[in-house]
Amino acid sequence: MLSRVGETLYWVSRYIERAENVARVINVNNMLLLDLPKGVCTGWGPLIDIIGARQAYLENNADFSESKALKYLLVGKDNPSSILNSIISARESARTIRDVIPRDVWEEINSLYYYVKNNQSEGLSKRGRFAYLKKIIESAHLIFGTLNATINHDNGYIFIRFGSIIERADMSSRILDIRSETLITNEEAKPYENIQWISLLRSLSAYQMYRQEMGVRVQRADVIEFVMHSEVFPRSILFCLNEMKSLVEPLVNSAAIITIIDNARDDLKGKNVRELKNGFLHNYVDEIQIKLAAIHNVLAESYFLKLPSQTQSQSQG
């Protein structure tokens, strides 16, 4: 397989995964605003922090009002990680390799692009927002499901899977970091602390699986343990690292990337994450994100022609 094709497949899946993740956290934040009394919820600022765009956002926006933050997250032209820009990037990348991906996949990516572009007003309105975001999430699932069922499971498929998994691990770490850091814990909000941790789990589509593995009660230490250390939940950071290793093991010249994945995985497994409080959790998540960026760089150096220019549009690093 040509390096260019592998790189393009990798980025198509990252962009689709990113759009789905952003759609999900917006939906969950919207529900959290309804569940918490006015003045208790942290608002929309944390979502800008999750995509790592606070500084860029504040260059053109004076506050984190719902209308401004939503426009930036959904269709912001100046936001590389907006849902619309992510889908545009996925579509443009997929267009260059239409002879490699199944026709059904291309058609679904194309349809998603036109839906997101032509129904922006629905996403920005309170009445149409849920259905708009739900359609984006379902379309992303359909794209990945169709790829899994219809594309050859060769090296190209490995890069597709790797792209979605590393993006997922990065987003899980960001959601855990920002949501735990911005948790409101004063006396007024204390009765709602449980709701806030449930919201964090729902941001990862993790609430049901958490209850199956950890029990009914939702509490801080258990949530952190589950999101970081679960070996069976597909959005946990440890699961993603294990999956990345199993994906690259069959590839030639994979020793360097396996080493860096093993180092990150062994460090995470050996960490007592339940005791990470205050700024210590934030600092440790920063370390994880640095390791994920290093994994990406080694992958690019090993299998792509050069460090991809698309990295510049990632904005989350």
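Keep in mind that this is a model prediction, so the values were computed, not measured.
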query = How is the hydrophobic cluster of Val28 composed, in terms of its other members, when Ile, Leu, Val, Met, Phe, Trp and Tyr link through side-chain heavy atoms under 4.5 Å apart, directly or indirectly?
reply = Met31
inquiry  = Hydrophobic clusters here meaning ILVMFWY residues chained together by side-chain heavy-atom distances under 4.5 Å, can you tell me if Leu9 and Tyr157 are in one?
reply    = yes
inquiry  = Just verifying a value: how many Å separate Lys245 NZ and Leu241 CG, rounded to the nearest 0.5 Å?
reply    = 11.0 Å
Sole residue of Ile295, Leu299, Leu292 in side-chain contact (heavy atoms from CB on, under 4.5 Å) with Ile260 = Ile295
remark   = Of all heavy-atom pairs linking Lys134 and Asn27, the shortest is N-ND2, 4.2 Å
request  = Return the minimal non-hydrogen interatomic distance between Ile151 and Val100, and the atom names on each side.
outcome  = CD1-O, 4.2 Å
Residue pair Asn29 / Arg179, side-chain donor-acceptor N/O under 3.5 Å = yes
Nearest-0.5 Å distance that lies between atom CD1 in Ile51 and atom CD1 in Ile175 = 12.0 Å
query = What do the steps show when you test Thr146 against Glu108 for side-chain hydrogen bond (donor to acceptor under 3.5 Å, both in side chains), and what is the final call?
reply = CA-CA 9 Å; Thr146 306; Glu108 186 59 34; over 6 Å; no
message = I want to check something: taking the side chain as every heavy atom from C-beta on, are Ser254 and Glu249 in contact at a cut-off of under 4.5 Å?
response = no
task = Indicate, with yes or no, if Val22 and Phe130 share a hydrophobic cluster defined by side-chain heavy-atom contacts under 4.5 Å among Ile, Leu, Val, Met, Phe, Trp and Tyr.
result = no
task = Compare every heavy atom of Arg91 with every heavy atom of Trp106, then report the nearest pair and how far apart it is.
result = CZ3-O, 3.5 Å
ask   = Could you give the distance from CG (Asn194) to CD (Gln219), rounded to the nearest 0.5 Å?
value = 9.5 Å
task = Only counting residues at least two apart or in another chain, list the ones meeting ring pair (Phe, Tyr, Trp, His ring centres under 6.0 Å) with Tyr115.
result = Tyr132
request  = Would you indicate whether Lys68, at its atom NZ, is surrounded by more than 12 heavy atoms from other residues, nucleotides or ligands within a distance under 6.0 Å?
outcome  = yes
query = Any link between Ile290 and Ile165 through a network of hydrophobic side chains (Ile, Leu, Val, Met, Phe, Trp, Tyr) touching at under 4.5 Å?
reply = no
ask   = Between Asn253 and Ser302, does a side chain to side chain contact (heavy atoms under 4.5 Å, CB included) hold up when you go through it step by step?
value = CA-CA 7 Å; Asn253 302 322; Ser302 300; 5.6 Å; no
request  = Determine the sole option in Tyr303, Trp11, Phe159 for which the ring pair (Phe, Tyr, Trp, His ring centres under 6.0 Å) test with His296 is passed.
outcome  = Trp11
request  = Check each of Glu167, Glu243, Glu17 against Arg235 using the salt bridge (Lys or Arg N to Asp or Glu O under 4.0 Å) test, and report the only one that passes.
outcome  = Glu17
key: No-hydrogen, no-angle side-chain donor-acceptor test under 3.5 Å, Asn30 and Arg129   = yes
ask   = In Å and rounded to the nearest 0.5 Å, what is the CZ to OG1 distance from Arg4 to Thr96?
value = 5.5 Å
message = side chain to side chain contact (heavy atoms under 4.5 Å, CB included) for Arg220 and Leu281? Distances and angles first, verdict last.
response = CA-CA 12 Å; Arg220 184 185 195 280; Leu281 176 60; 4.0 Å; yes
message = When you compare the side chains of Asp177 and Tyr284, does any donor N or O come within less than 3.5 Å of an acceptor on the partner?
response = no
key: Audit row: Tyr15, Ile88, side chain to side chain contact (heavy atoms under 4.5 Å, CB included) steps and yes/no   = CA-CA 9 Å; Tyr15 288 131; Ile88 289 173; over 6 Å; no
key: Matching residue for Phe226 among Phe233, Trp197, Phe239 - test: ring pair (Phe, Tyr, Trp, His ring centres under 6.0 Å)   = Phe233
query = Stepwise, does the salt bridge (Lys or Arg N to Asp or Glu O under 4.0 Å) test hold for Arg265 with Asp262?
reply = CA-CA 5 Å; Arg265 188 181 63 162; Asp262 276 343; 3.2 Å; yes
inquiry  = Under a 4.0 Å threshold between the charged nitrogen and the carboxylate oxygen, would Lys135 count as salt-bridged to Glu138?
reply    = no
Polar side chain donor-acceptor pair, Ser236 to Glu231, under 3.5 angstrom = no
ask   = Under a 4.5 Å side-chain heavy-atom rule over Ile, Leu, Val, Met, Phe, Trp and Tyr, are Ile137 and Leu73 clustered together?
value = no
ask   = Considering all heavy atoms of both residues, which atom of Leu276 and which atom of Ile224 are nearest to each other, and what is their separation?
value = O-CD1, 4.3 Å
request  = With the side chain counted from C-beta on, respond yes when Leu176 and Leu204 share a heavy-atom pair under 4.5 Å apart, and no when they do not.
outcome  = no
ask   = When hydrophobic residues are tied together by side-chain contacts of less than 4.5 Å, even through go-betweens, does Val232 share a cluster with Leu268?
value = no
remark   = Residue pairs passing the ring-ring contact (aromatic ring centres under 6.0 Å, His included) test with at least one member in residues 46-90, sequence neighbours excluded, are Tyr57-Phe64, Tyr57-Tyr72
message = One pair to check against side chain to side chain contact (heavy atoms under 4.5 Å, CB included): Ser164 and Arg14. What are the steps and the verdict?
response = CA-CA 5 Å; Ser164 66; Arg14 284 204 73 158; over 6 Å; no
task = Grab the two heavy atoms, one from Met214 and one from Asp222, that are nearest each other, plus how far apart they are.
result = CE-O, 3.7 Å
request  = Determine whether the side chains of Asn110 and Glu107 contain a donor N or O and an acceptor N or O closer than 3.5 Å.
outcome  = no
task = Determine whether the side chains of Asn60 and Asp78 contain a donor N or O and an acceptor N or O closer than 3.5 Å.
result = yes
inquiry  = Lys291 and side-chain contact (heavy atoms from CB on, under 4.5 Å): which single residue from Asp267, Asn263, Ile261 fits?
reply    = Asp267
request  = Could you please spell out the steps behind the salt bridge (Lys or Arg N to Asp or Glu O under 4.0 Å) verdict for Glu122 and Arg127?
outcome  = CA-CA 7 Å; Glu122 291 297 307; Arg127 179 170 295 183; over 6 Å; no
request  = Compute whether any side-chain donor of one residue and acceptor of the other, for Asn21 and Arg24, lie under 3.5 angstrom apart.
outcome  = yes
query = So, for Leu47 and Val25, which heavy atoms are closest and what is the spacing to 0.1 Å?
reply = CD2-O, 3.8 Å
